[in-house]
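Here is the structure we will look at, set down as C-alpha cells.
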Amino acid sequence: MSKKAERQLSRRDFLRGVGALTGALTLESVTGSRVEASETEVAPDAVGVLIDLTRCTGCRTCEAACKAAHGFPPPDGGETSLSADTLTYVDVRENVEGADGPLHVKRQCMHCVHPACASACTVGALHKTPEGPVTYNAGKCIGCRYCQYACPFGVPAFQWEETLGLIAKCDFCINRLEEGQQPACVSDCPTGALKFGKRRALLREAAARMDTHPDRYLNHVYGEHEAGGTSMLYLSPARFEDLGFPELGSQPIPRRAEFVMKQTPMVALTVATAASGLCWLRTRREESGACVEAGKKERTKR
Amino acid sequence: MSVTTRYPERTRPAPITVSQIGIAILSLLTFTGVMAGIWRLIVGLGEGTALSNAYPWGVWIGFDFTLIAFSGSAFTMASVVYLLQRAEYRPVMVPAVLAGLLGYAAVLFFLFLDLGRWDRFHHFILYWNVHSPLFEICWCVLLYTTVLFLENSPLVLERFGLEKPVELIHRYVIPISVAGLTLSSLHQSTLGTLYLNMPHRLHPLWYSPLLSLLFFLSSVMAGLSLAMIAYVAAGRIWREAVNSELLGGLARGVAGVTLLYVSLKLGDIVQAGELSALLAFDRMSWLMGAELGLGAVLPALLFLIPAVRRSRRGQVSGAILVLFGVLMNRFNATLFAQTTPSGETYSPNSIEWLSAMGIVAGAVLAWYLAIRYLIEPEDAAHAVAHH
Ligand code: SF4
Ligand code: SF4
Ligand code: SF4
C-alpha cells in the first residue's frame, strides 16, 4: 500500500495547520495563567454587612425576616440549606474547635466584589452594582445554571419545583436599601450580630473588635480578601475552614476566564488569517486558479 | 493485508435484515426519548430529572459537551479538504460533515431540555455578556450550525435540481470553511474556558490553565476519529470498499494530535505538582488514568505502528479508543471530577436517560437514512465541486 496519502496529510500540512492553531491558543492559555491578582478595587461607598459569630445566638429571626420581606411563606422549623425560597439560613455547627457551644453561621450570598456568578452568566442576568449588592434580573435569566457552578459559595439556588424554573439568591434587600432602610435580616436581628454599613467602615470596626478582644476572635476577617473580597464580612472565634467556609485565595475567581475571553477577537483573527493563508499557499503550490480544483474525481470504488 | 470486504448483493424482497432491526430499535429509542422529553418540559426540572442545587448539571450536559467534541468531525475534515487542499479526502468528508450537522442538532435539543427557561432560548441574542464563556459558546453554536447547514445543503438542493444555490455555495466554499474552522476553534476551546470559573469545584487533575487548549486539541482528536468511524460505516451502507490509505492518513493525524495532547496534559499535571494525585490509585486517579491512558496514550501509540494504521481492525479500534477517551474526559469534567462540599451525589433518573438515548438515537438514525437515501457514493467522492 502506498504511503503517499498518509505522508501528504499528516506530516506536512496537517500538523502545520494544527501547529498554527495551537500556537494561538497556547499563547492565550499560558498568558491567561499568569494574570496577577490585582488590587481589588472596591467603590469607597460600597456597603456591606459585618456578621459577628460571637454575638449570634441562633434565634433565626433573620430567616423569618428575609422570607417575609420576599413574600415567601414563613419557615416551619429551621432551614438547613439555601433554596428557591430560602435566601438565608442559620447553619448550626456543633463541636467546633475554639468555641464553647455550637456556632451559628448565617449563610447568604456574599455579594462578592468580583462576583463569578455575574461574570459567568450567559445573558448578564446577574449584575454587580457599584453600591455593593449583586442583583439578579429574573426577566433575562434562561435558567442555564452556570452561575451555580461559578459561585464559590454555592449560593444561587434553582427553582426545581417550577415548570419554568429561575434562580433565587439574596438580593441584599436592594429595594429596601433604595428606600433608605437596612436589609430585613439586619433590621430584625435582636442581638447586633449583624451590622450594616459602608464596607470600609465595617472593616475598621472588625479590626477594632479583634483588637479589644483578641481572646474572643480569630485574627481574620473572612471576606476581606477572599476571592478578591466580599461585601459580607465574618468575625469568628473558630477557624473558618472548620465552619464550612471555602479556602479561596485572594485572586478573584473570574479573572482567568475573563482574560481568555478577552482574547476571543485575537484568536478568531489569527485562526482566520492562518487558515486563509495556508489555503492560499497550497493553491499556489498546485498552480490552480481557484482554491479548490473543480472536478477532481477521485473514485474510491475499486 | 486485505482491506476490502465483500458485501452480499442486495436482495429484494428481503427477509428482515440487520439494518431493518437497527432502524426499528433506533426509531423506538427516538420515540421514547421524545415522550420523555415532552414529560420533562411539562413537569419541570425538579420532577423530570435527578438534578439538584449540588449537581445542577447532569448527563445532558455531559452528552452536550461530548457531542460537540465528536462533531469536530465536520470542521476537521472540511479543513483537510478545502483548506489543506487534500481533495482525495472528500469521501471521508461528506459523512463527517453530515455527522457534524446532526451532532449539533442533537446538542440544540439537549440544551432545550436543559434550560430552566427554554421559552427564552433566544435570550443570548438579546442580552449580551461578553465575559461569559457560555455566551460565546451559544453564539458560535448558532453561527456554526448555519455553516453546517450551508455545507450540507447541496446534498438536498441537488436532489431538487436547484443548481443556482448549489453553485453559489460551491463558489464560497473556502470562506465558509474558514468561518467553520474559526468558529470551531473558538467554541471548542471556550468549552474548556468555561471550567476556568470553577477552580473550587473541578478536581485539580482536571482543572488547568490550559483547559481551553486541551479542549480544542481533544475536539480535533475526537473529530478525526469520528470521521474515520463514519467513513467506515458509510462504506458499509453504500456497499462500497473504503479507501484504507485515507483511514491510515487520518490515523496518523490522530496520533500526532493525541501525542501533543498527552504531552501537554502530562506536562501540566507535573508542573502543577499533581503527579502524586495521578498516581494515588484512588477514584480520581483511576478516572484520569482511564481517560488519558486508555483513551489517549494507548491509541496514540497504536497509531504509531504502521501495521495498525493499515489494518481495518486497528483503524477502527484506535478511533473508538480516542472517542472513548474524549467521552470520559467530558463526563469527568462535568460530573465525576466535580466535588461538592456537602458530599452530595447525583445519579440520573430514567427520564434523563431515555431522553438522552432518544436524542442520540434520533441523530444516528437521521445520519443513517441520509447516507443511505440522500447521498450517492460518487457524490461523496467528488462532493461540492463536481461540475
Ligand atoms: S439581605 Fe435581605 S435577602 Fe439578603 S439575607 Fe438579609 S433579609 Fe435576606
Ligand atoms: S456569593 Fe456567589 S452568588 Fe453571591 S455574589 Fe458571590 S459569586 Fe455571586
Ligand atoms: S441560570 Fe440565569 S442567572 Fe444563572 S447563569 Fe444562567 S442565565 Fe445567568
Side-chain angles (χ1 to χ4, degrees), chain A residues 1 5-6 9-10 13-15 17-18 21 25-26 29 32-33 116 119-124 140 142-146 148-150 152 157-158 160-166 246 253-254 256-258 260-261 264 268 271-272 275-276 278-279 282 291-292 294-302, chain B residues 44-46 53 56-57 80 82-88 91 115-117 119-120 123-124 127-129 131-136 138 173-174 178 181-182 185-186 189 193 196-198 200-201 209-210 212-213 216 220 240-241 243 245-246 248-249 252-253 256-257 310 341 381-382 385-387:
Chain A
M1 154 183 156
E6 287 192 56
L9 172 70
S10 51
D13 307 308
F14 188 78
L15 286 180
V18 169
L21 292 181
L25 288 164
T26 313
S29 308
S33 69
S119 175
C121 177
T122 316
V123 291
K140 286 184 181 176
I142 55 174
C144 67
R145 309 186 294 286
Y146 185 23
Q148 294 191 284
Y149 280 90
F158 187 73
W160 298 103
E161 303 316 316
E162 302 291 323
T163 307
L164 293 169
L166 289 167
I253 303 283
R256 255 183 192 159
E258 282 185 5
V260 177
M261 293 307 297
T264 301
V271 173
S276 315
L278 199 71
C279 176
R282 297 283 312 156
C291 217
V292 166
K296 239 192 191 174
K297 296 188 184 184
E298 269 161 276
R299 296 295 307 274
T300 54
K301 212 163 155 183
R302 311 207 316 165
Chain B
L45 283 164
N53 284 329
W57 288 352
V80 166
Y82 293 122
L83 304 180
L84 300 177
Q85 296 274 301
R86 307 264 40 115
E88 65 272 25
L115 287 186
R117 290 302 302 256
D119 56 317
R120 297 175 174 175
H123 267 202
F124 71 94
Y127 306 111
W128 287 36
N129 178 13
H131 295 307
S132 169
L134 217 42
F135 169 79
E136 193 212 276
C138 284
V173 71
I174 297 295
V178 170
L181 174 65
T182 309
S185 2
L186 287 183
S189 63
T193 313
L196 290 180
N197 274 329
M198 311 180 189
H200 44 276
R201 281 207 64 152
L210 295 178
S212 322
L213 176 61
F216 171 73
V220 176
E240 296 260 344
N243 183 339
E245 282 184 38
L246 300 183
R252 204 157 162 146
V257 183
R310 277 197 291 271
H382 39 97
H386 72 143
H387 292 285

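Numbers restart at 1 for each chain; the letters A, B, ... are given by sequence-line order, proteins then strands. Computed over heavy atoms, backbone and side chain alike; hydrogens, waters and symmetry mates excluded.
- Applying the side-chain hydrogen bond (donor to acceptor under 3.5 Å, both in side chains) test to Arg120(B) and every residue at least two apart in sequence or in another chain returns nothing.
- Considering only heavy-atom pairs separated by less than 4.5 Å from chain A, the leading option among Leu45(B), Asn129(B), Asp119(B) is Asn129(B).
- The side-chain heavy atoms of Ser119(A) and Glu258(A), taken from C-beta on, include a pair separated by under 4.5 Å.
- For the ring pair (Phe, Tyr, Trp, His ring centres under 6.0 Å) test with Phe135(B), the passing option among Trp128(B), Phe124(B), Tyr127(B) is Trp128(B); the others fail.
- Interface residue Pro254(A): backbone and side-chain heavy atoms are both found under 4.5 Å from chain B.
- Interface check for chain B: of the options Ile142(A), Val123(A), Thr163(A), the most heavy-atom pairs under 4.5 Å are formed by Ile142(A).
- Heavy-atom pairs under 4.5 Å with chain A peak, among Pro133(B), Gly116(B), Cys138(B), at Gly116(B).
- For a residue to count as touching a neighbouring chain, one of its non-hydrogen atoms must lie under 4.5 Å from one of that chain's; by this rule His131(B) touches chain A with backbone and side chain alike.
- For a residue to count as touching a neighbouring chain, one of its non-hydrogen atoms must lie under 4.5 Å from one of that chain's; by this rule Leu166(A) touches chain B with the side chain only.
- Chain B forms the most heavy-atom pairs under 4.5 Å with one residue out of Ala257(A), Ala275(A), Gly124(A), and that residue is Ala257(A).
- Heavy atoms closer than 4.5 Å to chain A are found in both the backbone and the side chain of Leu115(B).
- Proximity of a side-chain donor or acceptor of Arg117(B) to a complementary backbone N or O of Gly143(A) within less than 3.5 Å is not detected.
- When the candidates Lys140(A), Glu162(A), Gln148(A) are compared by the number of heavy-atom contacts under 4.5 Å with chain B, Lys140(A) comes out ahead.
- The shortest side-chain heavy-atom distance between Trp160(A) and Asn53(B) falls under the 4.5 Å cut-off.
- A donor-acceptor contact shorter than 3.5 Å links the side chain of Arg145(A) to the backbone of Pro56(B).
- Residues passing the side-chain hydrogen bond (donor to acceptor under 3.5 Å, both in side chains) test with Tyr146(A) are Asn197(B), sequence neighbours excluded.
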